[in-house]
Amino acid sequence: YRATWDTYAFQPLIHQGAFTLLTASASLLAMTVVLWRLHPRLACVALASVPPLLVVMRLFARGIGARTQTAQKADSHLASRFEQVLSLLPLIQVFTAESREARQFDGEATSAYESRRSQHRFEVGYLAAVGIVFSAGTAAVVVYGGREIAAGRLTLGTFLVFLAYLAQFYEPLQQLSNVGTTLGNASTGARRVLELLDSAAPPQPAN
């Protein structure tokens, strides 16, 4: 399982991790400059959503990594069990142990399924928390912008332009939040591969 599946973890670590992190950070910086030039106080309100987003990413990162590791271990154990059953199938048939092996395999498959479901539920909760942060940030911008328009310190046209750029401001933030999930999943697979490579070689027989 580590050779056929976990090795793919290095691709998202480089492509979706490093590259996306760089491009999203550059886009976020550019959009921040644009928003600041349009209306500095509104830009500060928009930037206020960044710290809560970082807190959410920090709080969920460890849980995502732990659940991913549990799920991958369960999948790996299930794959190994499947290979063992196939290699010993004639012997199992000789001893008429098909029913017992089927029950054991069904139990391990159920355990792997539950592990993956727990992982996906946690990731859905993470995405929901990120969505709440973005919604609260957008609501704060709309409320503050409405007050600025009512006070005559902001025109409706400028505010509409600000909202258009606000969507582009949140896009790199969304990409960065997705990077957190991707890195959590990929780093677990990469660690499993490195653990295999770092394992001690079997002792050689003496001459």
Side-chain angles (χ1 to χ4, degrees), residues 8-71 116-191:
Y8 288 104
F10 293 97
Q11 179 180 0
L13 276 178
I14 297 174
H15 182 265
Q16 300 181 20
F19 291 164
T20 302
L21 184 63
L22 291 176
T23 56
S25 299
S27 299
L28 181 62
L29 180 61
M31 287 299 102
T32 300
V33 173
V34 172
L35 295 180
W36 187 270
R37 292 177 63 88
L38 285 174
H39 199 281
R41 289 188 295 273
L42 267 181
C44 290
V45 175
L47 288 171
S49 61
V50 176
L53 180 62
L54 295 178
V55 171
V56 169
M57 294 173 64
R58 177 67 177 177
L59 292 177
F60 279 83
R62 182 174 297 179
I64 292 176
R67 284 165 175 79
T68 301
Q69 184 175 7
T70 301
R116 282 297 177 186
R117 192 169 68 168
S118 175
Q119 174 196 356
H120 292 320
R121 280 202 304 262
F122 199 81
E123 290 178 352
V124 169
Y126 168 70
L127 295 178
V130 170
I132 291 173
V133 172
F134 287 157
S135 299
T138 303
V141 169
V142 171
V143 171
Y144 187 81
R147 292 180 178 179
E148 290 291 291
I149 292 175
R153 293 188 294 267
L154 178 66
T155 64
L156 179 60
T158 302
F159 182 60
L160 293 177
V161 173
F162 189 94
L163 290 179
Y165 280 111
L166 183 65
Q168 300 182 33
F169 172 77
Y170 280 146
E171 183 176 351
L173 285 178
Q174 183 69 48
Q175 293 176 357
L176 291 175
S177 64
N178 292 335
V179 165
T181 304
T182 301
L183 293 182
N185 294 332
S187 60
T188 301
R191 282 197 301 269

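FYI, the numbering just counts along the sequence from 1.
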Report, as yes or no, whether the 6.0 Å neighbourhood of atom [atom1] on [X] holds more than 12 heavy atoms from other residues, nucleotides or ligands.
X	atom1	result
R147	CZ	no
Y165	OH	no
R58	CZ	no

What is the minimum heavy-atom distance between [X] and [Y], and which atoms define it?
X	Y	answer
P52	A48	CD-O, 3.1 Å
S49	Y170	OG-CE2, 3.6 Å
W36	C44	CZ3-SG, 3.4 Å

What's the spacing between [X] [atom1] and [Y] [atom2] if we round to 0.5 Å?
X	Y	atom1	atom2	result
L154	I149	CG	CD1	5.0 Å
L28	L176	CG	CG	6.5 Å
L166	L38	CG	CG	11.0 Å
L47	L35	CG	CG	7.5 Å
M31	Q168	CE	CD	5.0 Å
H39	F162	NE2	CZ	8.0 Å

Query raised in the report: Do side-chain atoms of S177 reach the backbone of Q174 as a donor and acceptor pair under 3.5 angstrom?
Result: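 Yes, because the side chain of S177 sits within donor-acceptor range (under 3.5 Å) of the backbone of Q174.
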
Requested in this report: Check the angle between the aromatic planes of Y126 and F60 and answer parallel, tilted or perpendicular using the 30° and 60° thresholds.
Outcome: tilted

Report task. Check whether any side-chain heavy atom of F169 sits under 4.5 Å from a side-chain heavy atom of S27, and report yes or no. Result ->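 Heavy-atom side-chain distance check fails, nothing below 4.5 Å.
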
Query raised in the report: Are R41 and Y144 side-chain neighbours, meaning at least one heavy-atom pair lies under 4.5 Å?
Result: yes

Report task. Answer yes if the side chains of T158 and T155 hold a donor-acceptor pair under 3.5 Å, and no otherwise. Result -> yes

